[in-house]
Amino acid sequence: MPLALESKAALLQRALGSAGISLIYQDPRLSVVYADNLPAHFQSVPIPGGTDVDLFGATHGRNLEKMKQQVFETGKPATTEVEISVEGEMRTYELKIERIGNDQAAGILSVISEVTEARHREKVLKSLLRELSHRSKNLLAIIQGIATQTARNTISLDSFLVKFRGRLQSLSNSQDLITDSSWRGAFLFELVEKQFAPYWPETAGQLPISGINVHLTPNAAVHVGLALHELIVNSASYGAIAGNRPAVSVSCHEVTSPGRKAIEISWAETLCDPTEVHEFSENSFGKTVLERVVPSSVNGKAELTLVPGQIEYHLIIPDAEFEILRRPPRQAAMR
């Protein structure tokens, strides 16, 4: 059975309401003749008889009147957006404007839809893309530095490839944690466990990680990961881990660094044989990373102590590079 005209109009009105679309029809003098499905904050405008200034305020209203007059004279449709404050919150509306009719009795139809959320998502996406671009450039700079310094301190291609791949894997492991947190950073305990995982012997038992499980910024997570990698690889090559009975511990505690809060991440390693060698010669890349690159990158301080039978490393990181979880200190273990 054919629908009555009134029923069709009701269905059309319901469709407009569901889609969040508003209609405004204006005469050649741009006085509102008809409007439908206007948002609540527009409904105080007199209809018929209201104007764009009544609807959108003086500034937006006058600009819209000029645009609509041009559409009326040329017959060419136009699209624009306006932002207005609604109960203290900025809302964005898109207007698609076209002339209806071809004579002096023609009018202007404006199809209005709210695009506030869509524009917010676009801004967030652009911000994320800028952040991604920035971080990608930083990572490429770090990789370039790793490649250059590794090449300077190796005497064969095979040796270079082994060390370079290991350092890239360390960077990748840290980056996985950062990405999983939507670029907010990484928890220290997870970072330590991730860096130890490829090297810790299954028969060695638990890996003690004690103190405060701070949440590091992305920058701090990447560089702390690099420092841990250098210490772990040295231990796995020459030190305690290589002896299969590793006496290694990592801890984190609050300290005060010239007037501001900070944390100190400490590495303590007891060697099985005090005469064992290590990779931290005066000009080695590992020593440079631990004593210069990492502390400089986090605006902190570091101290590497090499004594017979013991390797210690202390890294102080200021509070701009971490967040302390207000929980009792705990001890984590990786099996």
Without swapping roles, check the side chain of H314 against the backbone of W267 for a donor-acceptor pair under 3.5 Å. no
Nearest-0.5 Å distance, CD1 of residue I146 to CG of residue L226: 5.0 Å
I'd like to check the salt bridge (charged side-chain N to carboxylate O under 4.0 Å, His left out) partners of D319; sequence neighbours left out, ordered by chain and number. R260
Would you kindly say whether Q195 and S174 are connected by a side-chain donor-acceptor distance under 3.5 Å? yes
Quick one: CZ on R99 to CZ on F72, what's the gap to the nearest 0.5 Å? 6.5 Å
For L157, check side-chain contact (heavy atoms from CB on, under 4.5 Å) against everything at least two apart and list the hits. F160, L161
Cluster question for you: counting only ILVMFWY and a side-chain heavy-atom cut-off of under 4.5 Å, with indirect links fine, are I178 and L191 together? yes
Give a yes or no on whether the backbone of Q175 and the side-chain of T179 come within a donor-acceptor separation of less than 3.5 Å. yes
Could you tell me whether a side-chain N or O of T217 sits under 3.5 Å from a main-chain N or O of G185, the two making a donor and an acceptor? no
Under the side-chain contact (heavy atoms from CB on, under 4.5 Å) test, residues paired with E303 that sit two or more places apart: T305
Shared ILVMFWY cluster between I143 and V293, side chains joined below 4.5 angstrom? no
Check this for me, if you would: do E89 and R91 make a salt bridge, where the nitrogen-to-carboxylate-oxygen distance has to be below 4.0 angstrom? yes
Under 4.0 Å between a side-chain nitrogen and a carboxylate oxygen: does that hold for E98 and K76? no
Any salt bridge linking E65 with R62? Criterion: basic side-chain nitrogen under 4.0 Å from a carboxylate oxygen. no
Are Q26 and D52 close enough that a side-chain donor and a side-chain acceptor fall under 3.5 Å? yes
Does the pair V111 and I97 meet the rule for a side chain to side chain contact (heavy atoms under 4.5 Å, CB included), with working shown? CA-CA 7 Å; V111 179; I97 305 164; over 6 Å; no
Distance in Å, E122 CD paired with S127 OG, rounded so as to fall on 0.5 Å steps: 13.5 Å
Donor-acceptor contact present, side-chain S237 to main-chain N234, <3.5 Å: no
Treating N37 as the side-chain partner and I21 as the backbone partner, does any N or O pair qualify as donor plus acceptor under 3.5 Å? yes
Tell me whether N63 contacts the main-chain N or O of T59 through its side chain, where contact means a donor paired with an acceptor under 3.5 Å. yes
So, does Y199 use its side chain to make a donor-acceptor pair with the main chain of V233 at under 3.5 Å? no
T80/M67 under side chain to side chain contact (heavy atoms under 4.5 Å, CB included): CA gap, chis, key distance, verdict: CA-CA 9 Å; T80 188; M67 180 177 290; 3.8 Å; yes
Short side-chain to backbone donor-acceptor contact, S235 and I241, under 3.5 Å: yes
So, the side chain of S170 versus the backbone of G166: is there a donor-acceptor pair under 3.5 Å, distance only? no
So, T92 side chain and V115 main chain: donor-acceptor pair closer than 3.5 Å or not? no
Determine whether E269 and L271 satisfy the following criterion, side chain to side chain contact (heavy atoms under 4.5 Å, CB included), listing intermediate values before the conclusion. CA-CA 6 Å; E269 177 181 1; L271 305 180; 3.5 Å; yes
One thing to verify: whether E230 and K287 come together as a salt bridge, which I'm taking to mean a side-chain N less than 4.0 angstrom from a carboxylate O. no
